[in-house]
Protein chains: 2
Amino acid sequence: MVKNTGRPGYLQIADDLRAQINGGSLAPGTPLPSTAQLADRYDASLSVVKMAVGILRNEGLVVGQQGKGVFVRDAEERPAGDEPADLIELRAAVRDLSVRLAKVEEQLATSTSHRPGRSSR
Amino acid sequence: MVKNTGRPGYLQIADDLRAQINGGSLAPGTPLPSTAQLADRYDASLSVVKMAVGILRNEGLVVGQQGKGVFVRDAEERPAGDEPADLIELRAAVRDLSVRLAKVEEQLATSTSHRPGRSSR
DNA sequence: CAAGCCAACTAGGTTAACTATGTTGGTGAA
DNA sequence: TTCACCAACATAGTTAACCTAGTTGGCTTG
């Protein structure tokens, strides 16, 4: 894979994954193959795969969940195609901060009355 | 630079540069400081600076010319353009969230010095 | 003087290694 | 059975090191 057409590998991989998502080959809610699997499939290093996934993440097409995987977002909740990248970034930041804040707040709330950590398995 | 607010450094740098561009501090046609200079200014590695510039390049705010530099594009020829009131609101929200999160995180760090679970790492 | 070379810059791409952190499943002890 | 621990795997971020390739300016040489 990653033909030698001048177009950098991380863009080729991002293009391919984007096409699979838009083409329905990778349905919303399903996880992408892991970084290592993608690196193996495209015969690329982990770094370029991470860069490719980072692009899709930046575009809002996928969301990464640490420890679990990278999941394709529903078409409705992902940003419109012509939306400024600015907005995408900001929305991502808000989403990220909200999630983290909720986590920390919950931890704070439970740690005062209960034992923290490992709440759900 | 690159405060420890949880937001990754390459996004902080990208945010800062984007603000400078949108704020007119970096006028269209003018080159950004070189990668090395930015790395020095933000006290970050070359890699994170390259990632930050890569984001702006991806957004179309700047264009890189190999061997010369990275130049701010004219406002007309770059995507997006007019900022809806949405954007201002989002920016304020992000700032607010960042401050609140930093506070809570600090409180967590200082109040739980003996947190049980995962002791050995 | 002019041509060519070369050193010193620049952006860009790639790789490997390390750290941090979250998730999951298995194992073994109480 | 239930709980604590742990190993394996996941994303995410960062750093350092190489390599390619374009640009520029100075210096040497014809």
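Excluded from the calculations below are hydrogen atoms, water molecules and symmetry mates; all remaining heavy atoms, backbone and side chain alike, are included. Proteins get letters first, then strands, A, B, ... in listed order; numbering begins at 1 in each.
Taking atom CZ of residue B:Phe71 and atom C1' of nucleotide D:dT23, one finds them 10 Å apart after rounding to whole Å. Distance CG (A:Asn58) to C1' (D:dA12): 14 Å, rounded to an integer number of Å. In this structure, the CG atom of A:Asp40 is 16 Å from the C1' atom of D:dC9, given to the nearest Å. Here the P atom of nucleotide D:dC9 and the CD atom of A:Gln37 are 11 Å apart, to the nearest Å. To the nearest angstrom, C1' of D:dA12 lies 13 Å from CD of A:Gln65.
Distance CD1/B:Ile13 to CZ/B:Arg41: 10.5 Å, rounded to 0.5 Å.
Not one N or O on the side chain of A:Arg73 forms a donor-acceptor pair closer than 3.5 Å with the backbone of A:Val63.
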> For B:Leu17 and B:Ile55, what are the C-alpha separation, side-chain angles and deciding distance, and is it a side chain to side chain contact (heavy atoms under 4.5 Å, CB included)?
Replying inline: CA-CA 10 Å; B:Leu17 292 176; B:Ile55 289 179; over 6 Å; no
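With sequence neighbours excluded, the residues that form a side chain to side chain donor-acceptor pair (under 3.5 Å) with A:Asp15 are A:Arg7, A:Arg18.
Residues B:Asp16 and B:Gln20 bring a donor and an acceptor atom of their side chains to less than 3.5 Å of each other.
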> How does protein contact run along nucleotides 13-22 of chain D, one letter per nucleotide 5' to 3', with B for base contact, S for sugar-phosphate only, - for none, heavy atoms under 4.0 Å?
Replying inline: BSBB----BB
Please tabulate, one pair per line, all N/O donor-acceptor pairs under 3.5 Å involving side-chain atoms of residues 45-53 of chain A, not counting sequence neighbours.
| residue | atom | partner | partner atom | Å |
| --- | --- | --- | --- | --- |
| A:Ser45 | OG | A:Ser47 | N | 3.4 |

